[in-house]
Amino acid sequence: EEKKEQEKTEGEEKKEEEKKDEENKEDEKKEEKTEVDEGAKEEKKEENNEEEKKEEEKQDEPMEEESEEETEPPKVELTDEEKKLCFAPKSVSDLSTKEMSKYFASFSIPEKAEGFAEIKFEWQKDAAAKEYLRQKVLEKKRTCRIENLAPSQWFNETLKAFEEKLKEWQAKQVAFKGSEAGKASAAKKAEKKEGEEEEPKEERDIDSVEDVADVGGGVPLFKDFGFEDWALLQLRYELFLLQAAYKKDVDDSDRPGITDAHLGFYYNRYYRKNFSPKSYGADTNQDLAKLVKDSIAWEGDVLTSPLTCEPTDTSFFVKATETNRRERQRRLDAGDETSRLKIAPDAMKKAGSGSGAKGGGSGAKGGKKGGGKGWKK
């Protein structure tokens with residue numbers, strides 16, 4: 001039993017020694033790991049210090065270059081346009097475009113008569129400053145539209161008279177086509193053989209016509225007008241009246257007329273309907289004017305007219321339309337299909353039928369109401 005007790009005691013002592021050995025080994029491992037971590041930290045710290053030194057060196061280099069550049073600044077050369085400027089252009093205007101267009105025409109140089117004790121001119125003398133402002137105002141007048149311009153009473157009365165006359169002519173055409181003479185004329189055209197020319201007496205000399213509603217025997221000059229002819233007649237007169245009314249209402253020699261860029265704006269302002277060259281088969285305002293070049297022209301980008309007649313002489317526009325119709329028909333009879341017009345129904349819209357305007361129809365329906373039945377084929 002003593003031997004067994006001794007063996008048991010020795011076994012427990014051995015286990016304790018082994019346990020101590022394991023603990024010692026773990027402590028050694030922890031110490032080694034701590035040393036490694038501290039070494040890694042030292043290495044990382046050294047690396048960071050080296051990087052900081054490099055960054056400082058890099059920052060020092062451009063500073064030296066900048067200091068050298070400051071001692072020798074680059075030479076700046078202005079263009080001829082920049083040399084003419086007295087003030088640096090602003091990216092943001094002091095006034096909105098709408099407000100500027102309202103008031104810029106009244107801009108002026110201060111005068112002593114306005115109550116100033118003294119007026120000093122720092123950059124230019126009195127006369128030069130006034131001339132500078134005058135040129136700026138002139139430039140604005142040529143390029144800015146007049147936002148607050150409204151049609152005059154003269155324009156409204158003249159337009160109303162033309163619209164009434166247009167209805168009268170279209171009603172006259174309808175009446176003629178329903179008459180015996182009109183039916184006989186239509187039947188004669190239907191029986192006409194292909195390639196056969198019409199008798200000369202069928203076409204009266206247009207310049208000698210005194211009354212476009214009756215060239216003789218109750219026959220109107222516009223008896224053969226189709227929708228496209230009525231549309232071009234209306235376009236001729238509207239553009240002619242528009243450029244005449246603008247000059248009359250604005251009454252400013254510094255504003256030569258309506259520019260290409262603002263034609264749509266003024267057309268909408270006066271006729272209260274949208275303006276679209278595409279309704280007449282044209283891509284631009286310049287192309288549209290070619291369709292009615294006998295009444296309207298462009299001088300540069302300003303809308304003008306070669307005519308000397310007054311807007312009250314509405315018969316001229318009927319004669320011009322009939323002349324154009326006959327020439328176009330001759331080309332079509334000769335096989336020139338490029339002469340065929342492509343005019344949309346909305347081209348005959350009545351004044352006041354556009355967006356934002358009161359009264360009147362819109363689109364093709366509004367055109368029919370304003371044009372009566374005479375334009376139908």
Residues Lys273, Glu238: salt bridge by 4.0 Å N-O rule:
yes

Residues Val292 and Leu232: closest non-hydrogen pair is CG1-O, 4.0 Å

If you define the side chain from C-beta out and look only at heavy atoms, does anything of Phe225 sit under 4.5 Å from Trp169?
no

Checking Ser276 against Asn274: is there a side-chain donor and acceptor pair closer than 3.5 Å?
no

Could you go through Trp298 and Thr304, starting from their C-alpha distance and side-chain angles, then the distance that decides it, and tell me whether this counts as side chain to side chain contact (heavy atoms under 4.5 Å, CB included)?
CA-CA 6 Å; Trp298 288 100; Thr304 61; over 6 Å; no

Look at the side-chain heavy atoms of Ile, Leu, Val, Met, Phe, Trp and Tyr, link any pair under 4.5 Å apart, and say whether Val209 and Leu166 land in one connected group.
yes

Please verify the inter-ring angle class for Phe162 with Tyr237; under 30° counts as parallel, over 60° as perpendicular, anything in between as tilted.
parallel

Should Asp214 and Leu221 count as side-chain neighbours, where that means a heavy-atom distance under 4.5 Å?
no

hydrophobic_cluster_shared for Phe121 and Phe107, side chain cutoff 4.5 Å
yes

Does this structure show an ion pair linking Asp283 with Lys278, if we count only N-O contacts that are shorter than 4.0 Å?
yes

What do the steps show when you test Asp229 against Thr321 for side chain to side chain donor-acceptor pair (under 3.5 Å), and what is the final call?
CA-CA 6 Å; Asp229 301 304; Thr321 304; over 6 Å; no

Side-chain heavy atoms under 4.5 angstrom apart, residues restricted to Ile, Leu, Val, Met, Phe, Trp, Tyr: same cluster for Val302 and Tyr270?
no

Closest heavy-atom pair and its distance - Asp249, Ser152:
OD1-OG, 2.8 Å

Is it true that Lys160 and Glu157 make a salt bridge, defined as a side-chain N closer than 4.0 Å to a carboxylate O?
no

Within this structure, what is the CG-OG distance for the pair Leu242 and Ser305, rounded to the nearest 0.5 Å?
11.5 Å

Can you confirm whether Leu133 sits close enough to Phe104 that some side-chain heavy atom of one is under 4.5 Å from a side-chain heavy atom of the other?
no

If I compare all heavy atoms of Ile109 with all of Ala129, which pair ends up nearest, and what's the gap?
CD1-O, 4.0 Å

Going by an N to O cut-off under 4.0 Å, is there a salt bridge joining Arg255 and Asp251?
no

Looking at side-chain heavy atoms only, is the closest gap between Lys172 and Lys223 below 4.5 Å?
no

For Asp126, the salt bridge (charged side-chain N to carboxylate O under 4.0 Å, His left out) test, sequence neighbours excluded, returns Lys130

Between Phe155 and Tyr271 (judged by ring centroids, cut-off 6.0 Å), do the two rings come close enough to count as a pair?
yes

To the closest 0.5 Å, what do you measure between OG1 (Thr314) and CZ (Phe240)?
11.0 Å

Output for pair (Asp254 CG, Leu138 CG), nearest 0.5 Å, gives 4.5 Å

How far does CG of Leu291 sit from CZ of Arg328, to the nearest 0.5 angstrom?
9.5 Å

Indicate the atoms forming the closest heavy-atom contact of Ile296 with Pro306, along with that distance.
N-CD, 3.9 Å

To check you understand the geometry: which heavy-atom pair defines the closest contact between Asp346 and Ser279, and what is its length?
OD1-OG, 3.2 Å

Heavy-atom pair with the smallest gap, counting every atom of Ser295 and Phe316:
OG-CE2, 4.1 Å

Side chains of Phe265 and Ile146: closer than 4.5 Å at any heavy-atom pair?
no

What distance do Leu149 atom CG and Ser101 atom OG have between them, rounded to the nearest 0.5 Å?
11.0 Å

May I ask you to decide if the ring planes of Tyr267 and Phe275 are parallel, tilted or perpendicular, using 30° and 60° as cut-offs?
tilted

To the nearest 0.5 Å, atom OH of Tyr266 lies from atom OG1 of Thr259 at 7.0 Å

With heavy-atom distances below 4.5 Å as the criterion, would you say the side chains of Thr158 and Leu241 are in contact?
yes

Are there over 12 heavy-atom neighbours, none belonging to Lys319, within less than 6.0 Å of that residue's NZ?
yes

Looking at Glu163 and Lys167, does any basic side-chain N land under 4.0 Å from a carboxylate oxygen?
no

Is there a side-chain contact between Arg236 and Asn324 in this structure, where contact means two heavy atoms from C-beta onward sitting under 4.5 Å apart?
yes

Is there a side-chain contact between Glu168 and Glu164 in this structure, where contact means two heavy atoms from C-beta onward sitting under 4.5 Å apart?
no

Is Asp287 paired with Lys290 through a side-chain N to carboxylate O contact shorter than 4.0 Å?
yes

Any carboxylate oxygen within less than 4.0 angstrom of a Lys/Arg side-chain nitrogen, looking at Glu139 and Lys141?
no

